[in-house]
Amino acid sequence: LSSLPILGTLDLSENQLTGSIPQQLSSMESLVSINVSYNHLSGPVPVTGAFLEVNVSSIAGNPGLCGSTLGPCPSHNYSGQRIIGAWVADVLLVLGVLMALVGSCSLYW
């Protein structure tokens with residue numbers, strides 16, 4: 001994901017994603033808006049990058065999320081390692097489809 005320097009908005013809402021939010025998403029400098037609402041995410045919400053001032057509606061519907069404006073996290077050790085696998089694969093699939101669409105649109109311009 002970090003190799004997409006012009007990605008400013010990312011909407012992954014309602015995709016049945018599970019696990020923690022990848023820290024890599026919060027380190028993408030060009031990403032200013034992210035929506036991960038109504039999935040099955042858990043763990044702390046990152047507090048940097050696009051998540052610094054995240055709108056509550058952009059993380060709503062994930063009862064396992066904590067931190068940020070959602071209240072303190074329980075005393076679990078969320079290392080973020082659980083996200084490698086299905087979550088990252090889903091994100092890459094969505095980005096692949098988006099890049100294919102952008103590529104095919106540029107052929108007509």
Side-chain angles (χ1 to χ4, degrees):
L1 291 176
S2 60
S3 65
L4 299 171
I6 57 170
L7 184 63
T9 301
L10 183 58
D11 187 343
L12 298 171
S13 61
E14 300 182 43
N15 279 293
Q16 299 184 15
L17 302 174
T18 60
S20 301
I21 297 173
Q23 291 297 320
Q24 295 90 333
L25 291 177
S26 65
S27 64
M28 293 178 65
E29 293 180 18
S30 65
L31 190 61
V32 294
S33 174
I34 187 161
N35 184 348
V36 294
S37 62
Y38 300 99
N39 284 292
H40 304 283
L41 301 174
S42 59
V45 175
V47 293
T48 58
F51 293 96
L52 186 61
E53 296 181 22
V54 69
N55 188 324
V56 176
S57 65
S58 294
I59 54 177
N62 292 289
L65 286 180
C66 58
S68 185
T69 59
L70 301 174
C73 293
S75 59
H76 292 92
N77 182 13
Y78 291 106
S79 66
Q81 296 302 312
R82 298 176 304 169
I83 56 93
I84 298 175
W87 209 100
V88 173
D90 289 343
V91 169
L92 292 176
L93 176 65
V94 169
L95 290 174
V97 169
L98 289 174
M99 296 202 54
L101 287 172
V102 168
S104 65
C105 288
S106 65
L107 293 175
Y108 294 108
W109 290 347

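Start at 1 with the first residue, then count along the sequence.
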>> Between S13 and N35, is the side chain to side chain contact (heavy atoms under 4.5 Å, CB included) condition met? List the steps.
In response: CA-CA 6 Å; S13 61; N35 184 348; 3.6 Å; yes
Which pair of heavy atoms, one from [X] and one from [Y], lies closest together, and at what distance?
X	Y	answer
I59	L65	O-CD1, 3.8 Å
C66	P72	CB-O, 4.0 Å
M28	L7	CE-CD2, 3.8 Å
H40	Q16	CD2-CA, 3.7 Å
S37	N62	CA-ND2, 3.8 Å
A50	V32	CB-C, 4.0 Å

>> Quick check against the 3.5 Å criterion: does N15 have a side-chain atom that pairs as donor or acceptor with the backbone of L17?
In response: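 The answer is no, because no donor-acceptor pair under 3.5 Å joins these two groups.
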Measuring from [X]:[atom1] to [Y]:[atom2], what's the distance to the nearest 0.5 Å?
X	Y	atom1	atom2	result
S58	D11	OG	CG	8.0 Å
L41	S20	CG	OG	8.0 Å
I34	L12	CD1	CG	6.0 Å

>> Grouping I, L, V, M, F, W and Y whenever their side-chain heavy atoms are under 4.5 Å apart, do L70 and Y38 come out in a common cluster?
In response: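 No, L70 and Y38 fall in different hydrophobic clusters.
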> Is a side-chain donor-acceptor pair under 3.5 Å present for S26 with T48?
Replying inline: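 Note: T48 and S26 side chains meet the donor-acceptor criterion.
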